[in-house]
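One structure is given here, and the rest of the page talks about it.
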Amino acid sequence: MNELMKVRRDKLAAFEAKGVAPFGHRFEVSHHAKDVLEQFGHLEGEEESSEEITIAGRLMAIRGHGKASFSVLMDRSGRIQIYFKLDVLGEEKYSQFKLLDIGDIIGVKGHVFRTRRGEITVRVDDFDMLSKSLRPLPEKFHGLTDTEIRYRQRYVDLIMNPEVMNTFVARTNIMKSIREYLDERDYIEVETPVLGTIAGGAAARPFITHHNTLDLDMYLRIATELNLKRLIVGGMERVYEMGRVFRNEGMDVRHNPEFTTIELYQAYADYTDLMDITEGLVLNAANKVLGTTEFDYQGTHIDLANVKRISMNDAVKEATGKDFLSCQTVEEARAMATEIGVPYEERFGIGGILNAAFEEKVEETLIQPTFITGHPTEISPLAKRNPENPMITDRFEFFIYGRELANGFTELNDPIDQEGRFLDQLKQREAGDDEAHEMDRDFITALEYGLPPTGGLGIGIDRLVMFLTDSASIRDVLLFPTMKPLAGEGKKNLHANSPAKVEEKIDFSKVQIEPLFEECVDFETFSKSDFRAVKVKACEAVPKSKKLLKFTLDDGTDNDRVILSGIHQYYEPEELVGKTLIAIVNLPPRKMMGIDSCGMIISAVHQEDDEEALNLLMVSDRIPAGAKLY
RNA sequence: GGUUCACUAGCUCAGUUGGCAGAGCACCUGACUUUUAAUCAGGGUGUCCCGGGUUCAAAUCCCGGGUGAGCCA
């Protein structure tokens with residue numbers, strides 16, 4: 001703790017010594033700072049509001065003048081000057097004011113007036129201590145600029161940088177405008193699972209997590225697409241979900257591991273309808289938060305009211321003179337790509353090469369809002385083929401500033417075609433594309449029940465917010481962007497801490513114990529038994545036996561030891577492989593089901609609810625095979 | 001993953017050729033009853049990101065690591 005924090009704790013103690021709670025309670029707020037400025041802007045000269053108002057907020061500046069002082073109070077709406085005066089407050093209250101620090105949160109009761117310098121000000125008649133701030137805020141003039149602290153301690157960023165607050169309020173308003181737009185059009189907002197066993201609906205690597213009770217690896221969703229289409233099958237007709245998706249990929253100014261998308265699906269519509277909706281949603285959002293459809297993004301003027309539409313092939317043709325869709329063979333397309341210097345991979349077909357040419361030569365030139373249509377089927381496994389040309393799909397992507405903002409298409413509703421597309425994706429996966437779609441059998445089943453002709457659309461909310469708030473980085477539109485843990489914290493092995501590993505509570509209350517043996521055994525007899533640690537090399541159920549398991553054990557010698565044990569009702573053979581057990585190894589061989597059993601594996605047996613319960617003695621895997629027990 | 005840059009007081013930043021760790025704001029003491037980046041006088045509060053190395057001597061040079069930002073893939 002540094003000097004500044006010590007001083008603040010001393011002041012906290014001083015409040016307590018005066019009988020004032022440094023962390024206060026409920027406070028009735030009649031005005032926000034902005035309300036005061038608006039409502040009392042007419043005050044002139046010696047005039048003072050007749051009304052006594054209350055405001056609450058954080059002290060952002062204190063300008064002491066001895067027996068009278070100015071301060072600045074900040075609340076959600078902005079800042080307002082407040083005036084503490086000894087004559088008004090009295091000795092005791094003014095001495096309390098002297099204990100206030102920048103950053104403290106107080107509630108103020110007072111009258112409004114205009115100072116000689118012309119600033120609307122609240123004269124403090126009384127104030128309540130609401131929260132003592134124990135840490136110094138950043139400097140008033142430069143504020144907080146360190147990007148790392150801004151992201152890690154967003155609360156400080158929000159206190160110090162009003163434009164950050166504005167950005168996040170804009171984000172909320174954008175999302176609200178989208179909901180309003182869709183709700184007005186009879187869409188149903190739904191929620192679908194984040195956790196699942198198939199990560200489908202997009203080309204991306206998923207995050208893997210684990211369900212302990214089910215002992216099941218699960219994925220965090222990479223898209224909401226397939227579940228939403230299931231709901232269209234179910235008859236919802238118009239659905240959308242605005243929510244978080246997770247992609248286990250690189251991070252940069254445009255990508256965060258978790259981000260927000262909206263996907264929407266409309267039965268009996270096609271991709272052209274969804275293009276109109278895309279345009280409508282974006283225009284509506286811009287109008288709501290900017291009041292206009294024109295804005296500057298990072299110094300470039302963007303006009304949303306003027307949207308271009310062009311097919312991918314035409315766009316590539318315009319840029320390079322090459323007509324990839326005229327190609328009859330992959331070789332032709334490869335030659336074209338080579339000619340214009342577009343790299344491609346071996347596994348690409350004509351469509352893949354066209355897409356590569358688009359990404360290489362066209363994408364970043366699409367500064368003004370542009371719909372690209374007619375994506376190759378090869379790269380569009382969930383989109384319906386174009387009726388005239390099966391090589392391409394009825395799909396669009398919406399670009400602004402060279403960046404993909406939205407993606408939509410007429411949904412593929414032919415289950416047989418869909419299954420073939422999934423199989424193609426599996427081939428891509430085997431050919432090394434670990435982002436290729438997984439087969440989702442149940443989705444095929446759903447399509448087999450019948451998906452109406454449907455148009456679907458996805459929009460990257462974070463990117464839209466970036467555009468409309470002129471934010472250079474996605475981290476500037478995420479309240480808490482993903483950050484690496486600082487040295488010393490985090491970076492723990494989460495699996496080691498997972499609840500499954502936490503000690504299981506076991507109920508021993510019903511255990512019945514067999515009476516102890518009365519008769520003693522002498523040490524000599526005892527020491528004749530050779531107990532050893534053994535490792536289970538293999539374990540299988542003995543054929544035709546309900547009870548017996550056959551263990552192949554490493555007892556530390558070169559020879560495998562085989563022991564049969566009647567414990568199948570307690571253990572499945574596969575769960576025992578690799579375990580370290582205890583066995584007596586100097587018993588004479590005994591034939592069981594025609595197999596020699598050489599020794600006995602030691603179990604712990606007790607009665608519980610008059611049932612016999614059994615636990616194999618399993619010991620630490622650190623104990624080597626053959627270790628002798630004394 | 002590669003590469004460049006940054007990391008010094010609570011914040012924003014200086015720190016020369018390797019030679020006692022600096023400024024402004026904030027903070028502390030005092031003055032001041034309409035100031036507003038208040039002013040005036042006095043006071044420096046530090047794991048120079050971490051760990052090694054070179055050196056009589058390292059914030060500074062070398063090596064390794066951390067976090068962040070940017071560029072490339």
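Reminder, nothing fancy here: chain letters follow the sequence lines and each chain counts from 1.
- Summarising the base pairing, A31(B) is matched to U39(B) through a Watson-Crick or G-U wobble pair whose two defining distances lie under 3.5 Å.
- Taking only side-chain atoms of E148(A), from C-beta outward, the nucleotide of U67(B), A69(B), C13(B) with the closest atom is U67(B).
- Whole-Å rounding puts the L59(A) CG to C27(B) P distance at 11 Å.
- For R116(A), the side-chain atoms get nearest to U34(B) when compared with the rest of C27(B), U34(B), U12(B).
- In the set G10(B), U33(B), C11(B), C11(B) carries the atom at the smallest distance from any side-chain atom of P138(A).
- Summarising the base pairing, C5(B) is matched to G68(B) through a Watson-Crick or G-U wobble pair whose two defining distances lie under 3.5 Å.
- Backbone-only engagement by K140(A) is indicated by non-hydrogen atom pairs under 4.0 Å involving sugar-phosphate atoms exclusively.
- Under the salt bridge (Lys or Arg N to Asp or Glu O under 4.0 Å) test applied with D462(A), the options R244(A), R475(A), R171(A) reduce to a single match, R171(A).
- Distance from the side chain of K484(A) is smallest for U67(B) among the nucleotides U67(B), G10(B), U34(B).
- For H111(A) and D125(A), the side-chain atoms include at least one donor-acceptor pair closer than 3.5 Å.
- G22(B) sits 13 Å from U16(B) when the C1' atoms are compared, rounded to a whole Å.
- Side-chain atoms of N2(A) stay outside donor-acceptor range of the base of U45(B), with no qualifying N/O pair under 3.5 Å.
- Checking U33(B), C25(B), U45(B) against every side-chain atom of E139(A), the shortest atom distance belongs to C25(B).
- R475(A) comes within 4.0 angstrom of the backbone, heavy atoms only, and of no base.
- The nucleotide U55(B) finds no pairing partner, because no Watson-Crick or G-U wobble arrangement with both distances shorter than 3.5 Å includes it.
- Rounded to whole Å, atom C1' of C28(B) lies 13 Å from atom CZ of R8(A).
- Proximity note for R152(A) (side chain, C-beta onward) versus U67(B), C27(B), U35(B): the nearest is U67(B).
- Backbone-only engagement by Y151(A) is indicated by non-hydrogen atom pairs under 4.0 Å involving sugar-phosphate atoms exclusively.
- As judged by a 4.0 angstrom heavy-atom cut-off over every strand, G250(A) is placed among residues making no nucleic acid contact.
- Remark: U45(B) base-pairs with A26(B); criterion is Watson-Crick or G-U wobble with both hydrogen-bond distances under 3.5 Å.
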Identify each donor-acceptor pair in which a side-chain atom of residues 36-43 of chain A lies under 3.5 Å from a protein atom, sequence neighbours left out, and give them as a table.
unit_1	atom_1	unit_2	atom_2	d
Q39(A)	OE1	H31(A)	NE2	2.7
Q39(A)	NE2	E51(A)	OE1	3.2
H42(A)	ND1	Q39(A)	O	3.3

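- Applying the 3.5 Å distance criterion, the base of U35(B) shares a donor-acceptor pair with the side chain of R63(A).
- G1(B) atom P lies 13 Å from atom CG of N248(A), rounded to whole Å.
- Atom CD of E119(A) and atom C1' of U34(B) are 11 Å apart (whole Å).
- Among the protein residues, M483(A) comes within range of the sugar-phosphate backbone only, with heavy atoms under 4.0 Å from sugar or phosphate atoms but none that close to a base.
- Whole-Å rounding puts the K132(A) NZ to C27(B) C1' distance at 12 Å.
- Side-chain atoms of D146(A) lie closest to U12(B) of the nucleotides A37(B), C27(B), U12(B).
- Residue-level contact check: V253(A) touches the backbone only, with heavy atoms under 4.0 Å from sugar-phosphate atoms and none from bases.
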Below 3.5 Å, can you tabulate the donor-acceptor pairs from side chains in residues 343-350 of chain A to any protein atom, sequence neighbours excluded?
unit_1	atom_1	unit_2	atom_2	d
E345(A)	OE1	R347(A)	NE	3.2
E345(A)	OE1	R347(A)	NH2	3.0
R347(A)	NH1	Q428(A)	OE1	3.2

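- Between E249(A) atom CD and A73(B) atom P the separation is 17 Å, expressed in whole Å.
- Look at OH on Y94(A): it is 11 Å from P on C32(B), rounded to the nearest Å.
- The H142(A) side chain lies nearest to U12(B) when the options are U35(B), U33(B), U12(B).
- A donor-acceptor contact under 3.5 Å links the side chain of T115(A) to the base of U35(B).
- Atom CG in D101(A) sits roughly 18 Å away from atom P in C25(B) (whole-Å rounding).
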